[in-house]
Student: 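Submitted below is the structure of interest, expressed as structure tokens.
Order of the sequence lines fixes the chain letters, A, B, ..., with proteins taken first and strands second; residue numbering starts at 1 for each chain.
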There are 2 protein chains.
Amino acid sequence: MAPKRGKAKVAPETESGDDSDEYRKKRDRNNLAVKRSRIKSKQKTQETVNRVTQLKSENTVLEEKVKNLTKELGFLKELFLAHAGSAGDASKFEGIDLQKLLSDPSDGASTSNS
Amino acid sequence: MAPKRGKAKVAPETESGDDSDEYRKKRDRNNLAVKRSRIKSKQKTQETVNRVTQLKSENTVLEEKVKNLTKELGFLKELFLAHAGSAGDASKFEGIDLQKLLSDPSDGASTSNS
DNA sequence: CTTAATTGCGCAATGG
DNA sequence: TCCATTGCGCAATTAA
């Protein structure tokens with residue numbers, strides 16, 4: 001539908017003069033409702049924007065955690081393997097499958113969750 | 001400023017008839033601009049909403065990672081301490097400060113990052 | 001049916 | 001001067 005010019009004078013055609021009071025009251029009420037609705041809408045939008053900021057922040061923290069945990073884990077694994085290897089006794093850990101244990105399950109490839 | 005009734009007929013008061021053409025052209029162009037602007041605005045809002053969804057998702061993945069890493073780390077630490085303790089030789093790891101190493105630096109309490 | 005909330009739209013003021 | 005943005009009112013539609 002193109003631009004659409006003329007628009008006014010299409011409503012209070014039925015009656016006028018007497019019910020004009022009623023008409024205005026209705027219009028005023030609606031205008032207030034519109035105002036309320038738009039304020040509410042803007043608030044919601046703003047909250048969404050804030051939520052993005054908050055989530056970004058949480059994400060940064062979590063990424064830092066993952067980084068640190070991964071680093072520490074890598075360190076322990078190295079130490080683990082070095083010890084088991086140099087001492088020539090991998091059996092000290094009672095047949096634990098180090099290969100599997102020391103691979104990296106941290107990328108959520110598992111289906112087994114508690 | 002309260003409700004504010006009457007509003008129409010306050011603009012093309014200067015001239016009329018001749019420049020009416022120009023007036024309408026202007027109005028039409030502005031109406032298009034308004035439409036464009038509002039579409040753009042809605043798109044931006046929608047993108048923000050989508051961003052929230054995306055970030056929530058990323059967050060879930062990261063939390064899962066932290067959970068898995070923490071679990072694995074805990075397991076390795078236990079194994080580590082058990083071995084060092086039962087065998088009575090904590091020195092096998094060349095004086096490494098297990099207390100410090102095995103505490104948990106994953107909660108970003110440190111100021112020293114590589 | 002009555003009222004409040006939403007929504008699309010045009011007008012005008014204002015920003016750039 | 002032109003276009004973009006924004007506050008505001010009107011009316012149609014939707015939801016209570």
Student: Any donor-acceptor pair, under 3.5 Å, between the side chain of B/R29 and the base of C/dG10, if you only look at N and O atoms?
Tutor: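 For B/R29, whose side chain was compared with the base of C/dG10, there is no donor-acceptor pair (under 3.5 Å).
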Student: Keeping A/S57 on the side-chain end and A/T53 on the backbone end, is there a donor-acceptor pair under 3.5 Å?
Tutor: no
Student: Once you round it to whole Å, what is the distance between C1' of D/dC2 and CG of B/L32?
Tutor: 13 Å
Student: Mind calculating the distance between NZ (B/K44) and C1' (D/dT5) to the nearest angstrom?
Tutor: 10 Å
Student: Calculate the interatomic distance between A/R36 atom CZ and C/dT7 atom P; express it in whole Å.
Tutor: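 Those two atoms, CZ and P, are 15 Å apart.
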Student: Assign each of A/R27 and B/R38 to its nearest nucleotide of DNA chain D by heavy atoms, then name whichever residue's nucleotide is nearer the 5' end.
Tutor: B/R38
Student: Let me know the distance between NZ of A/K42 and P of D/dT5, rounded to the nearest Å.
Tutor: 14 Å
Student: What is the separation between atom NZ on A/K35 and atom P on C/dA5, rounded to the nearest whole Å?
Tutor: 14 Å
Student: Grab the CG-C1' distance between A/N31 and C/dT3 for me, whole Å please.
Tutor: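 Checked: the CG to C1' distance equals 15 Å.
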Student: Donor-acceptor check, side chain of B/T70 to backbone of B/V66, threshold 3.5 angstrom: yes or no?
Tutor: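 Yes, because the side chain of B/T70 sits within donor-acceptor range (under 3.5 Å) of the backbone of B/V66.
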Student: Using a cut-off of 4.0 Å on non-hydrogen atoms, how would the nucleic acid contact of A/K25 be classed: base, sugar-phosphate, or nothing?
Tutor: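 It contacts nothing in the nucleic acid.
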Student: Let me know the distance between CG of B/N30 and C1' of C/dG10, rounded to the nearest Å.
Tutor: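 Going from CG in B/N30 over to C1' in C/dG10 covers 9 Å.
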Student: What is the distance from NZ of B/K26 to P of C/dC11, rounded to the nearest Å?
Tutor: 14 Å
